[in-house]
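Counting convention: from 1, in listed order, for ligands and their atoms alike. In this chain, residues are counted from 1 in sequence order. Computed from a predicted model, the values in this text were never measured in an experiment.
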Amino acid sequence: MTFFEATCTAPVNIAVVKYWGKRDTSLILPTNSSLSVTLSQDQLHSKTTIRASADFTSDRLWLNGIEESIEKNKRLVACLRETRALRAQIEAKDESAPKLSGLKIHICSENNFPTAAGLASSASGYACLVYTLSKLFELPLNASDLSIVARQGSGSACRSLFGGFVAWEMGEKEDGSDSRAVQVAPETHWPDLQALICVVSDEKKGTSSTEGMQLTVKTSALLQHRIKNVVPKRMEEMIAAIHNKDFPRFAELTMQDSNQFHAVCLDTYPPIFYMNDISRAIIRIISEYNKDGIKAAYTFDAGPNAVIYAPQQNMREIYAILSHYFPGHAFEDSLGLKKNDTVHALPQNF
Ligand code: DP6
């Protein structure tokens with residue numbers, strides 16, 4: 001069998017100014033800009049292999065070793081359609097370019113972290129899918145252009161196309177061509193800043209981000225206040241704090257934004273609860289730890305798990321405090337997770 005193949009990895013990102021709400025649900029255009037920190041790929045990543053062959057009779061997908069339907073997944077279909085259309089343009093211009101846009105493909109994707117742990121897997125997963133497609137099809141696009149395609153898989157995925165500190169500019173245009181990710185600072189900018197992921201619960205969340213945010217858009221007056229009066233200024237302040245490596249300001253803004261995101265969830269009707277008693281206890285412990293000066297920041301996405309950002313020298317202490325209060329809980333130190341360099345065990349018939 002002759003085939004064309006590409007394998008790539010993509011990292012997880014954790015937002016410090018949260019994306020919550022879409023103004024266009026099919027193009028995935030957000031109601032506010034957002035900003036995230038991309039975690040090191042050595043610890044958490046998605047890995048995807050894509051093969052295209054004239055011998056394949058249909059597009060097929062395996063996620064963490066299990067075959068899933070592609071047709072039912074509108075977002076995946078959109079990413080395939082967009083990248084194939086870009087490949088077709090290359091083939092139309094260059095007679096000698098292999099005709100890949102018409103070939104069926106097989107996609108094998110896995111995460112090197114437990115998907116069940118409720119960590120952001122759609123961000124790294126879709127970033128990886130789109131990046132691997134771009135390599136397979138040899139698309140002449142930069143990361144920001146590719147983020148426009150990844151955004152249509154999952155909003156937060158557009159930010160995983162870059163390392164370091166990444167803004168997703170909401171844009172204004174109806175076609176979404178200006179709703180893209182840009183790098184605010186590279187991964188080398190602030191090596192002292194570290195992330196600790198606290199797995200509070202590995203249960204699947206009750207309300208998905210996609211469903212939850214649209215219910216918020218429909219029902220929350222607080223979201224309208226956040227979009228208009230809070231996020232634009234907070235984005236500017238966050239970018240300045242990152243450029244100045246001002247940890248206390250970065251931390252304060254991060255915690256305030258997490259708090260407001262969860263307040264907006266509570267203002268949704270009926271309300272959405274993502275944090276649990278342990279999440280709230282972590283907030284209290286970090287607030288107490290910061291009593292005499294800010295040394296750590298917590299943030300929570302659409303689930304109970306905490307991510308703690310802190311300068312490296314504080315991390316061991318924070319780890320010790322949290323393990324003391326929650327013995328037996330799995331606190332995954334982002335420094336301590338094992339690198340998984342194993343090659344894919346590709347499914348049979350791949
Ligand atoms: C709370 O990107 O998962 O993590 O665009 O519907 O796929 P869809 O949503 P998703 O939402 C992420 C929400 C968040 C905040 C953030 O990452 O900015």
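Counting heavy atoms closer than 4.0 Å to ligand 1, residue S156 contributes atoms from both its backbone and its side chain.
You'll find the ring centres of Y309 and F250 inside the 6.0 Å limit.
Y289 pairs by the ring pair (Phe, Tyr, Trp, His ring centres under 6.0 Å) definition with nothing, not counting sequence neighbours. Applying the side chain to side chain contact (heavy atoms under 4.5 Å, CB included) criterion to A281, with sequence neighbours excluded, gives R284, F326.
Note that CG of L136 is 9.5 Å distant from CZ of R84, once rounded to the nearest 0.5 Å. One finds the CG atom of D246 at 11.0 Å from the CE atom of M238 (value rounded to the nearest 0.5 Å).
Within a 6.0 Å sphere centred on CD of E172, heavy atoms belonging to other residues, nucleotides or ligands number 12 at most.
Near A15, with a cut-off below 4.0 Å to any heavy atom, the atoms of ligand 1 are 16 (C), 17 (O), 18 (O). Every atom of ligand 1 is numbered from 1 in the order shown, and the set under 4.0 Å from a heavy atom of R75 is 6 (O), 7 (O), 8 (P). Of all atoms in ligand 1, numbered sequentially from 1 with element shown, those under 4.0 Å from a heavy atom of K22 are 5 (O), 6 (O), 8 (P). Each of the following atoms of ligand 1 lies closer than 4.0 Å to a heavy atom of S122: 3 (O). Taking a cut-off of under 4.0 Å to the non-hydrogen atoms of M213, the atoms of ligand 1 that pass are 9 (O), 11 (O). Set against the non-hydrogen atoms of S209, the atoms of ligand 1 under 4.0 Å away are 3 (O), 9 (O), 11 (O).
Residue-to-ligand polar distances keep N13 apart from ligand 1: every N/O pair is separated by 3.5 Å or more. For the pair W20 and ligand 1, the shortest N or O to N or O distance does not fall below 3.5 Å. By the 3.5 Å distance cut-off applied to N or O atoms, S154 is counted among the residues near ligand 1.
The closest approach between a heavy atom of F261 and any atom of ligand 1 is below 4.0 Å.
Using a cut-off of 4.0 Å between Lys/Arg side-chain N and Asp/Glu carboxylate O, K47 and E110 are scored as not salt-bridged.
Taking the six-membered ring for Trp and thresholds of 30 and 60 degrees, W190 and F247 have ring planes more than 60 degrees apart, a perpendicular arrangement.
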